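Since this is a predicted model, take the numbers as computed values, not measurements. In this chain, numbering begins with 1 at the start of the sequence shown.
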Amino acid sequence: MDKKVALITGSSHGIGRATAIEFAKHGYNVIINYVKGEEDATDLNQELEEKYHIEAIVCQADVSDEDQVQNMIETVIKKYGKIDALVNNAGIVYDRAFADIKVDEFKETLNIDVLGAFIVSRAVAPYMRNGAIVNVSSTNGTKTISPDCLDYNIAKIGLQSLTRDLAFQFRPNIRVNAVAPGWVNTRMNDGLDNL
């Protein structure tokens, strides 16, 4: 029987990396997506293949760029012909006070954290049968933990709304859910207080 295939965006480090490892432990072939951190992605690829005896491929793509996402999906489909699971994990935050955050920074957070999940989900859906999409939100999407991450808070609220809408759009063949982790000690949170 063919192994299932999982695509995890932003999976070269942090929550995405841990998620990729979990899928590999369960016998999935894994697509490791990254924008920066090629060395981390390549190291993870090697670890997954050697330790869990699955296939892993590395795909560089900015999830907020439709063309790059389409190229990534075409690469995956050419190799496997399907995608069984998608984890929209890619995300950024600027952690600036309201008066200090720049409009371009705010837009970038929304583009990656929300629009990116929309773009990747739409690109994957035609190749998914009885699959699952999981959007990685945050407790910041349910309450204001720190007003100094206004961009992130709003993006995660938007991601939760997108999750509900996609669940309706893709039913009954694709399940769509969100998870909302609290503070996690990852590279993205370096230098931030554990609130």
(message) So which atom in A155 and which in V114 form the shortest heavy-atom distance, rounded to 0.1 Å?
(response) O-CG2, 3.1 Å
(message) Using modelled atom types and a 3.5 Å cut-off, is there a donor and acceptor pairing between side-chain atoms of K79 and backbone atoms of E74?
(response) no
(message) Test side chain to side chain donor-acceptor pair (under 3.5 Å) on E55 and Y80; report intermediate values, then the result.
(response) CA-CA 10 Å; E55 285 185 350; Y80 296 113; 2.9 Å; yes
(message) Using side-chain heavy atoms (C-beta onward) and a distance below 4.5 Å, is R171 in contact with F168?
(response) yes
(request) Go through the steps to decide whether H13 and K36 satisfy the test side chain to side chain contact (heavy atoms under 4.5 Å, CB included), and finish with yes or no. (result) CA-CA 10 Å; H13 58 86; K36 299 173 185 173; over 6 Å; no
(request) Quick one: pull up OH in Y34 and CD in Q60 and give me the separation to the nearest 0.5 Å. (result) 4.0 Å
(message) Show, in sequence, the C-alpha distance, side-chain angles and deciding distance for D40 and S12, and conclude whether the side chain to side chain donor-acceptor pair (under 3.5 Å) test is met.
(response) CA-CA 5 Å; D40 289 338; S12 63; 5.1 Å; no
(message) Between N88 and V136, is there a side-chain heavy-atom distance shorter than 4.5 Å?
(response) no
(request) Taking D84 for its side chain and V5 for its backbone only, find out whether a donor-acceptor pair lies under 3.5 Å. (result) yes
(message) Within the supplied structure, the quantity of interest is the number of heavy atoms (other residues, nucleotides, ligands) at a distance under 6.0 Å from Q169 CD; does it exceed 12?
(response) no
(request) Determine the minimum heavy-atom distance between D113 and Y152, stating which atoms define it. (result) OD2-CD1, 3.7 Å
(request) Could you check N135 against S137 for side chain to side chain donor-acceptor pair (under 3.5 Å), going step by step and ending with a plain yes or no? (result) CA-CA 6 Å; N135 294 325; S137 182; over 6 Å; no
(message) Taking L44 as the starting point, is it possible to reach V35 by hopping between hydrophobic residues whose side chains are less than 4.5 Å apart?
(response) no
(request) Please report the closest heavy-atom contact between A56 and I32, naming both atoms and the distance. (result) CB-CD1, 4.3 Å
(request) Kindly indicate, with the supporting measurements, whether the criterion side chain to side chain contact (heavy atoms under 4.5 Å, CB included) is fulfilled by L162 and F118. (result) CA-CA 7 Å; L162 176 67; F118 166 77; 4.1 Å; yes
(request) Please name the pair of heavy atoms, one in L48 and one in A24, separated by the smallest distance, quoted to 0.1 Å. (result) CD2-CB, 3.7 Å
(message) Do N33 and I8 make a side-chain contact, defined as non-hydrogen atoms from C-beta onward lying under 4.5 Å apart?
(response) no
(message) Looking at every heavy atom in both G10 and N89, which two are closest together, and how far apart are they?
(response) O-ND2, 2.8 Å
(message) I'd like to know if E47 pairs up with R17 as an ion pair, taking the criterion as any Lys NZ or Arg NE/NH1/NH2 lying under 4.0 Å from an Asp or Glu carboxylate oxygen.
(response) yes
(message) Is it the case that over 12 heavy atoms from other parts of the model lie below 6.0 angstrom from the CD atom of Q46?
(response) no
(message) Does any part of the side chain of T9, heavy atoms only, come nearer than 4.5 Å to the side chain of V87, both counted from C-beta?
(response) no
(message) Within the structure provided, determine whether R122 and V69 are in side-chain contact (heavy-atom separation under 4.5 Å).
(response) no
(request) Supply the atom-to-atom distance N71 CG to D65 CG, rounded to the nearest 0.5 angstrom. (result) 8.5 Å
(request) Drop me the distance from I154's CD1 to F106's CZ, to the nearest 0.5 angstrom. (result) 3.5 Å
(request) Apply side chain to side chain contact (heavy atoms under 4.5 Å, CB included) to the pair E108 and I92, showing each step before the final yes or no. (result) CA-CA 8 Å; E108 185 180 7; I92 63 166; 3.6 Å; yes
(message) Is it the case that the side chain of R129 and the backbone of P126 share a donor-acceptor pair, with hydrogens and angles ignored and the cut-off at 3.5 Å?
(response) yes
(request) Supply the atom-to-atom distance N29 CG to D2 CG, rounded to the nearest 0.5 angstrom. (result) 9.0 Å
(message) Would you say L110 ends up clustered with F98 if hydrophobic residues are merged whenever their side chains have heavy atoms under 4.5 Å apart, either directly or through other cluster members?
(response) yes
(request) Give, for atom CD of E105 and atom CG of L150, the distance between the pair rounded to the nearest 0.5 Å. (result) 12.0 Å
(request) Rounded to the nearest 0.5 Å, what's the gap from OG on S64 to CG on L115? Could you check? (result) 6.5 Å
(message) How about NZ on K102, more than 12 heavy atoms from neighbouring residues, nucleotides or ligands closer than 6.0 Å, or not?
(response) no
(message) Taking atom CD as the centre, does Q70 end up with more than 12 heavy-atom neighbours from other residues, nucleotides or ligands that are less than 6.0 angstrom away?
(response) yes
(request) Please report the shortest heavy-atom distance between Q160 and A180, naming the atom on each side. (result) NE2-CB, 4.3 Å
(request) Step by step, work out the side chain to side chain contact (heavy atoms under 4.5 Å, CB included) result for I112 and V63. (result) CA-CA 6 Å; I112 292 172; V63 296; 4.2 Å; yes
(request) May I ask you to test the I133-N177 pair for a side-chain heavy-atom distance under 4.5 Å? (result) no
